[in-house]
Amino acid sequence: MTGLSWFLVGITLPFSLFVCFKVVQEYERAVIFRLGRLVSGGAKGPGIFFILPCMDSYVCVDLRTRTYDVPPQEVLTKDSVTVSVDAVVYYRVSNATISVANVANAHHSTKLLAQTTLRNVMGTRPLHEILSEREAISNTMQTSLDEATEDWGIKVERVEIKDVRLPVQLQRAMAAEAEATREARAKVIAAEGEQKASRALREASEVISDSPAALQLRYLQVSNEH
Ligand SMILES: *[C@@H]1O[C@H](CO)[C@@H](O)[C@H](O)[C@H]1NC(C)=O
């Protein structure tokens with residue numbers, strides 16, 4: 001080493017003995033505890049920050065959005081049908097300090113809460129609403145999840161209900177019901193056709209009975225056709 005390097009090391013040695021530089025990525029923050037207490041000024045980062053060896057400990061928090069695939073939940077709807085529902089939840093850490101200081105494991109807690117919220121929200125609604133109002137249910141879920149996770153520094157951005165699976169027996173019953181409805185409608189249409197046809201026949205017979213010559217003409221016409 002040159003003389004200058006030694007000189008620089010000599011100058012910075014006292015300083016570098018006491019501080020230690022760390023780097024976090026653009027999407028990360030470091031929550032620092034100095035002798036067990038939160039360092040004021042909030043989480044550090046992105047970029048370079050320093051800690052005091054032996055006195056400081058720090059936790060790195062990732063702020064990027066995460067997705068959680070809620071596994072299929074067996075839910076009893078308000079009208080006592082068991083359905084299997086799964087969803088996707090998008091969430092991120094909105095306040096790194098709180099997410100470290102207030103809850104032991106923010107991600108795990110959010111996931112568990114997402115499962116129970118899915119069950120609770122579904123349990124308050126009848127089946128036809130679950131099938132037809134997914135958008136509204138997703139929004140309700142997002143709002144109630146977000147309110148609950150606010151204290152953990154977690155922001156729930158989106159909830160999407162992926163799939164609502166009905167029990168096989170109910171599927172069969174619904175298919176049978178739909179078919180019966182279709183058949184009934186077909187019968188009504190056929191009956192209406194008959195009604196119209198008979199009305200037309202009656203009018204025709206009235207016309208014919210009014211003038212006997214009409215009947216003769218009709219005979220002639222029919223025999224002409226064959
Ligand atoms: C995080 O929460 C703490 C405590 O409520 C607050 O002092 C701090 O300003 C918040 N940080 C951000 C980035 O909102």
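Atoms within each ligand, like the ligands themselves, are counted from 1 in listed order. The analysis underlying the following values was restricted to heavy atoms, covering all of them including side chains, and did not include hydrogens, waters or symmetry mates.
Checking side-chain atoms of Gln142 against main-chain N and O of Val156 turns up a donor-acceptor pair under 3.5 Å. A donor-acceptor pair under 3.5 Å is absent between the side-chain atoms of Glu133 and the main chain of Ile130, judged by distance alone.
Applying the side chain to side chain donor-acceptor pair (under 3.5 Å) test to every pair with at least one member in residues 101-113, sequence neighbours left out, gives these pairs: Tyr91-His107.
By the side chain to side chain donor-acceptor pair (under 3.5 Å) test, Asp56 pairs with Arg34, sequence neighbours left out. Remark: Asp210 engages no residue in a salt bridge (Lys or Arg N to Asp or Glu O under 4.0 Å) (not counting sequence neighbours).
Under 4.0 Å from any atom of ligand 1, one finds heavy atoms of residues Asn95, Ile98.
For Tyr90 and Tyr68, the ring centers sit 6.0 Å or farther from each other.
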